Amino acid sequence: MYNIVLVGFMGTGKTVTGKILAKRLGRDFLETDEIIKEREGISIREIFEKKGEGYFRRLEKEVVKETSHKKEIIISAGGGAIIDEENFRNLKKEGMIICLEASPEVILERTKHKTCRPLLNVPDPKKKIEELLKKRIPYYKKADFCIDTDSLSVDEVVEKIMGLVSRRDKDPQG
Ligand code: S3P
């Protein structure tokens with residue numbers, strides 16, 4: 001059976017949503033960033049600092065490829081993963097791709113007290129969020145479904161995804 005792949009910008013709730021969804025559906029949960037961290041033995045921030053973004057993206061590509069071969073799991077892909085065409089194709093092969101969306105204001109609120117995201121550790125994170133979103137929205141829109149999470153609780157987002165899953169299970173071609 002197909003994978004459920006959560007994509008979308010940093011701070012849109014992919015991890016927390018994915019974990020709850022995995023419990024509800026009795027499926028395994030894999031997060032590309034977690035696998036990368038485990039393999040390297042250091043944090044994502046340290047990987048960016050010590051080895052650069054290019055190195056991180058190469059690792060991400062390998063991890064995306066491996067996880068997308070699995071079956072019936074929930075995958076949370078790092079916010080930049082599907083900007084890469086090959087990553088998108090790999091995740092799409094076995095997966096229903098769901099993009100979690102949020103406005104720049106909400107993303108800033110959800111991320112501003114955390115330092116784990118190297119791309120947002122800049123003097124003006126709001127501007128950075130807006131710039132990155134502008135570039136990335138066309139890629140995020142390629143998802144099978146998009147859910148605006150601005151005014152939804154995590155449980156409400158999970159319910160919406162459960163609805164999409166049950167629709168797909170009733171009508172696999174639909
Ligand atoms: C990134 C998002 C992060 C992480 C890395 C780069 C991005 O993951 O992969 O910091 O390019 O948007 P989350 O989306 O899980 O925060």
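Both counts, for ligands and for their atoms, begin at 1 and track the order of listing. Quick caveat: nothing in here was measured; it's all calculated off a predicted structure.
- Remark: distances from the non-hydrogen atoms of K37 to ligand 1 are all 4.0 Å or more.
- The shortest N or O to N or O distance between G80 and ligand 1 is below 3.5 Å.
- Residue contacts with ligand 1, taken as heavy atom pairs separated by less than 4.0 Å, involve L119 solely via side-chain atoms from C-beta onward.
- Nearest non-hydrogen protein atom to atom 4 (C) of ligand 1 is D33 OD2, 3.0 Å.
- Within the listing of ligand 1, atoms 16 (O) sit less than 4.0 angstrom from a heavy atom of R117.
- Heavy-atom contacts of R136 reach the following atoms of ligand 1: 7 (C), 11 (O), 12 (O) (cutoff under 4.0 Å).
- In summary, the atoms of ligand 1 found under 4.0 Å from a heavy atom of R57, numbered by their order in the structure, are 6 (C), 7 (C), 11 (O).
- Ionic pairing of K160 and E156 is not present here: no N-O contact between side-chain nitrogen and carboxylate oxygen is shorter than 4.0 angstrom.
- Contact annotation for K14 and ligand 1: only side-chain heavy atoms (C-beta onward) come within less than 4.0 Å of the ligand.
- The pair R58-E53 fails the salt-bridge criterion, with no side-chain N (NZ, NE, NH1 or NH2) lying under 4.0 Å from an Asp/Glu carboxylate O.
- L91 and M1 fall into different hydrophobic clusters, where Ile, Leu, Val, Met, Phe, Trp and Tyr are joined by side-chain heavy atoms under 4.5 Å apart, directly or via other members.
- Within the cation-pi definition used here (under 6.0 Å to the ring centroid, within 45° of the axis), K142 qualifies as a partner of F88.
- Contact record, A81 with V64: CB-CG2, 4.4 Å, taken as the closest heavy-atom pair.
- Residue E53 does not touch ligand 1, judged by heavy-atom distances below 4.0 Å.
- Figure legend: cation-pi geometry between R57 and F48 absent, as NZ or CZ is not positioned both under 6.0 Å from the six-membered ring centre and within 45° of its axis.
- Compare L132, I44, L100, I129 by their heavy atoms: the one nearest to atom 5 (C) of ligand 1 is in I44.
- Within the 4.0 Å heavy-atom criterion, neither part of E34 lies near ligand 1.
- Within ligand 1, counting atoms from 1 as listed, the ones closer than 4.0 Å to a heavy atom of G78 are 8 (O), 9 (O), 14 (O).
- Taking 4.0 Å as the cut-off between side-chain N and carboxylate O, E94 and K70 do not count as a salt-bridged pair.
- Here the protein heavy atom with the shortest distance to atom 10 (O) of ligand 1 is P118 CD, 3.6 Å.
- Checked for salt-bridge contact, E40 and K50 miss the test: no charged N lies under 4.0 Å from a carboxylate O.
- A salt bridge does not link E131 with K134: every distance from a Lys NZ or Arg NE/NH1/NH2 to an Asp or Glu carboxylate oxygen is 4.0 Å or more.
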